[in-house]
Structures are given as C-alpha cells and as structure tokens.
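Because the structure is a prediction, the values reported are computed rather than measured. Order of the sequence lines sets the chain letters (A, B, ...), proteins ahead of strands, with each chain counted from 1. All values below were derived from every heavy atom in this structure, side-chain atoms included, with hydrogens, water molecules and symmetry-related copies excluded.
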Amino acid sequence: MSSNWGNEIRAVIRKELCTEMRNKSATFTAVMLSVTTVFTLAFAFYGRQLTGDGAAGMLWAALLFAGVGTLTRAFIAEEEQGTGDLLRMWARPHAVYWGKAIFAFGQMALTGFLVAALFLLLTGVGVATPLMLFVSLLGGAAALSGTVTLVSAMIARGSNRGTLAGVVALPLLLPLIALGVTAGRSAFEGLATSSGWAGTAGVWLYTLLVFATAPYQFAAIWREP
Amino acid sequence: MIGCEQLGKRYGTRWLFRHLDLDLQPGDCLLVLGSNGAGKSTLLKLFAGIIPASEGTVQRPADPRTGIGYAALDQSVYPVLTVREHLELAAELRGCAPRADELLEEVGLSYAAEFPGRHLSTGMRARLKFALAIQAEPPVILFDEPGAGLDAAGRAMIGKVIEKRRAKTAFILATNDPEERRFATHELELGE
Amino acid sequence: MKWLLLLGMIVATVFSYQVAPAKDFPQPELARIIFFHLPCAYATAGFSIFAAIASWRYLAKRDWIWEFRAHAATEMALTLGCATMITGILFSKVQWGSWWHWDARQTSFLIVLLLLGAYFAIRMAFEEEVSRARVSAAYSSLTLLPILFLIFVFPKLPQVAKNSLHPQGVVAKGRFSPDYWSVILTVFVLVLITAIWLYKMHVRTSVLTQSLRDQDGNLEDSGRSTTARRVDQSVSVHE
C-alpha cells in the first residue's frame, strides 16, 4: 500500500475521530447503549448461577447488540446529514472503507472491553484463561467492525435502515458469535482449552475473511468506477 | 474529457431520459435545462459517478477525486468541521494542495474560515461547496443549481469562477435560472 | 413438464410407503418425512451457494442475467429452506418430543434462512433497480462464507456434533437400506428438477420484464391504454 493510501486512510480516521470528539452525543449514546445492554442481560440472570456456557453466550450477545447499535451509524450518519457524496467525490472507495473500519475497530475494541469489564463486575463470573478471552474479544471486535461497516454502507441509502441494519447484520454475525462463545466458554471455565483456542482461531479466521473480501464488495456499491 | 453513450436512467417504470450521447471538451459549457423532476440533478449525479446508470455508459476522468469537481444543492457539509478543515480534509484525500486561503478568497468566504459547518448559512455552504469543487482545478466541473441560495455577489462570484477556468475546463450546469444561459456553449433540454 | 413432475412425485410418494422403515429412529414408521426433508435440505444448500456465486459474477461483470439468476436462486433456496425447516420441525416433534431443540443443525439452518430472508429485506429497501441489484449482490456474495460454514463446518465441529440430536453420519455411514436410499435419491432428483424448472421460469420472466421495460419504458401503462406515453423523452441538444 503506497503512502498515498496511508494518508487517505489516516485522513478518514482523523475525520471520524474529530466528528466523534466534537459531537459528544454520539459517543455518550454508544457508551449508554453498551452499559444498558450489559445491565439488562445481567439483570435478567440475577440470582441464578451462570455456567461458563451461559456467561459466554450473554457476553457475546451484549457485544453483538452494542456493536450493531453503535457501528451501523458509520455511513447512515453520512447519508442523513447529506455528506455521503462529499466522501464519494473526495476519496477512493478502499480508503473510505479501511478508514471507517479501522476507526470502528478502535470504537468496538473500547466498547468490547467496557462491556466485558462491566459484565464480569455485575455477574461475578470468574475468568480461568484471561488471555483467551482477551484474544477472542479483540478478534471479535475486528470482525464486528469489518462486517458492520460494510453492512452500514450497504443499507445507508435504503429505506427503513434502522431496522434493516439489525436484520442484515445479525445473521451475518451469528457464526462469529458461535465461535466466540466456544472460546468464551473455555476461557471462563478453564476446560477444553484446545477447543477454546480453536474457537479463538475461528474468530480470527472470520476476521481475516471479512477484511479480505469486504473492501471489494464496498467498492462495488460505493460509487461508479 | 467527459461524455456518455446511450445513457438512460429510470426509476421504476418511468424513464427520466434515454439514448443520450454527449462528448464535452475543455471550453465547452453545457447547460442542462428542464422543469422540476425532469432529471437534471440525476444527470449530474450520473456524470459524477454518485449513482449508477440504468443503461449506457459514462466516460469520465480516470480519477474522479482530481478529475471532477461537483457541487450540488442537496449536498451538505460536515457540521462539526470548520470551513478550513473541510478544504484540508478534501486536499488530503485528493492528494492535492489545500489552497485554503486562496480558494476562500475566491469564493468570498475568508471571514468564515474558522466557522464550523453547522453555523454556515445556505449561501455560505454553497460557497464552500464551490471552493471544494474547484480545489484540485479539475478538468470537469459539475454545478447543480449553482445560483440557488446565493445573493447577487454570490452569483457574480460564480460567473468569475467559470470565466477564469473556461479555457481548460468542461462545465455542466443544471439550472432553471435564465441568467446562467450566458455561460452556455451547448444546451440540453430534458423533459417532454 | 409439470404433469410429468406431478406424476413422478405421486409415484415416489407411493413407493416411499412400500420400503421398510429405517431402524435408527424412535418412531421408524414416521421417519419417512426424511424422504422430503433431506432432498430439500441438499437443494437449499445448492441454491444458496449458487446464488452467492451468481452475485459475485454480477458484481464482476455487471451483466443483468447474473442478477436475475442470483435473485431466482435465492428465492428457490428460501422456499426449499422453509420446506426443510417445516419437515424438520415435524420430524423433531415426532421423533424427539418437541418442536424445537436448539439442535446444532436446526439452529445453523435457521441462521441460513435468516441470511436468505435478509436478502429480500435488502431488496425491498431499494426502489431503484440498479442500486437494489448492486447492494443485494454485495450482500449475497458476503453470505457465501457464513453459509458454507453453517452448513458444512459448524454442525460437524466435535463439541457441537456430540450434543446434536441429528443422527450423525447416518448418510455417510450408509445406515439407510438401498431401498430407502433409492426413494431419497428419486425425490431429490424430482425436487431438483422442479426447483430448476421454477428457477428458469423466474429468470426468463425477469429477462422478459426487463426487455419490455427497455422497449416501451412503461410496462404498467402499455398494457391498458393505447395512449401509453413513451417515456424515452425528447432530448434536444442545441448548438
């Protein structure tokens, strides 16, 4: 990748960061959504003994809803405020995708660890293999950002986009959740570590495949060549 | 430079236009006329590459970032970025010089360089969009309703922007304003 | 054609009651729904994968025929997938005691149906046909890997497979009698021929609709009025 690509991607990230920093409402809403999701799930299981399986399922469900709720704004916001065409005219599609996805990854990694920390605090679940949990959550954050960024671009110019975001993104991410839960279960219980690491590897493989294909799909829908 | 072959666009079963052939060279200024809903803005978006054609092909400069300048009425600007930051961001993405002071002076917006987008009036936004469109001195410039929202001084500014670049640029203007006919070397009327 | 298919299906149905029941199920006599369940599942997988590949081709070539093929294939995949799901749920109730078990194969197949359903949600959200085609093709091509994973990998993962109620390896281990197999294969061929026939009709209809639109521009008006307005409007260029 030439330095021009690097500059363009950095410019998109900087623009996103600047927008996020100056518009506190979006960041605050994202944090509130994450906190509320974790709290709701933890509250639903209040007083019950959580197994490693149940805890992993809840944690990944919380990540999924927080991620989809937050990251689908990436392109929907551009279209709603009428700036999508500016980016179409100024930047190459791959730079836009990578810039948005890398920014979304930063956002999702922070959200993910906030969600995980809150979840552990509220449920009191112990982590037997913290490294496995960390690595799988990091991979999950990357896969979520890559997928949801693309989904956001796909639906940004459609109707009913708020609802459509969930309908499109959730089934695409369910296989990732299945892999993440396998890793999470093992990380919480400290059992079946080989299948836990296999699940973690699966999460990263999913991430790799998403980033290998999504930029091209993005370029096909973003603007005319 | 910019043109199309057998270009057509339809929404549902209604064709806005079809079988359109055009070839514009530097010095040409095509005025696209037509009543509301005739497809003027759509035609400009097709040339800009923002929306896909239903049929036919568009020939446009290889790199639209520096090859096409586009300013439209339905475009907006980033509410939290200042006027200067818009020009700097666009320059970084396009790989050209920002020329912020020079461009803002040309469009009469120097005094608002540090204003955030959300504090700009319709006319000020229009001036910023013109500055952004001409930033890379592209060989093709597309203006959709260039005079809309501008005062007399703003309209005069548009005239100067066009006259200054006419020799080396192909312009396409979508408008209903009879005053803008003075720029035209060609006219295209969309409609019945 | 359709009468031959109907006749074939009747013969296969009658024949399906003549073969000896499979022994591996709690209610062997009632397991015959497998004759329809398995072929529909295989055909769903085939059409889903083909739809994703056709979408890739559309994005690469921008040729409308691939968009029509992808759309028709996804429609067939969803229809056959629903048939698979309904027959599976009936089987689950009869053999395992409840309608839904969160069994790995049941769950992964439900996700496949959700993926296919989202394709139509996307299509409905875009009125303009080229954008609709592009976005739905990008989505459909994106589903290829999750669908392959959900159908071929996930249910076979050791930790998943050991908890599954689905009889593991019944097909691979050949625990159905040759007669049982012959009915399954016959129904599979019949289901496949019917589905391909419907798929081809859908593609042909799409091609015809497109060419009608290209010719007179207004399909809705042209059928009901002699004064149908040509919408390839006059475009004049004055020097």
So B:His86 and A:Trp90, would you call those rings parallel, tilted or perpendicular, with 30° and 60° as cut-offs?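 Answer is perpendicular, since the angle exceeds 60°.
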Ignoring hydrogens and angles, tell me if any N or O in the side chain of B:Arg94 forms a donor-acceptor pair with the backbone of A:Met89 under 3.5 Å.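 Flag not set: sc B:Arg94 to bb A:Met89 has no pair under 3.5 Å.
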Using only atom types and a distance under 3.5 Å, with no angle test, would you say the side chain of B:Arg60 pairs donor to acceptor with the backbone of A:Pro225?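 Such a contact is found between B:Arg60 side chain and A:Pro225 backbone.
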In Å and rounded to the nearest 0.5 Å, what is the [atom1] to [atom2] distance from [X] to [Y]?
X: A:Ile9; Y: B:Leu93; atom1: CD1; atom2: CG; result: 10.5 Å
X: A:Arg157; Y: B:Ile50; atom1: CZ; atom2: CD1; result: 7.5 Å
X: A:Lys15; Y: B:Glu85; atom1: NZ; atom2: CD; result: 12.0 Å

[X], part contacting chain A, at a heavy-atom distance under 4.5 Å:
X: B:Gln135; result: neither
X: B:Ile51; result: both
X: B:Lys129; result: neither

Strictly below 4.0 Å, N to O, side chains only: are A:Glu8 and B:Arg65 in salt-bridge contact?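 Salt bridge: yes.
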Go through the steps to decide whether A:Glu78 and B:Tyr78 satisfy the test side-chain contact (heavy atoms from CB on, under 4.5 Å), and finish with yes or no. CA-CA 9 Å; A:Glu78 296 277 0; B:Tyr78 289 103; 2.8 Å; yes
Counting heavy-atom pairs under 4.5 Å with chain A, which one of B:Asp63, B:Leu132, B:Asp74, B:Val58 comes out on top?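 Option with the greatest count: B:Leu132.
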For B:Val80 and A:Arg22, which heavy atoms make the closest approach, and how far apart are they?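 Taking B:Val80 first and A:Arg22 second, the nearest heavy atoms are O-NH1, 2.7 Å.
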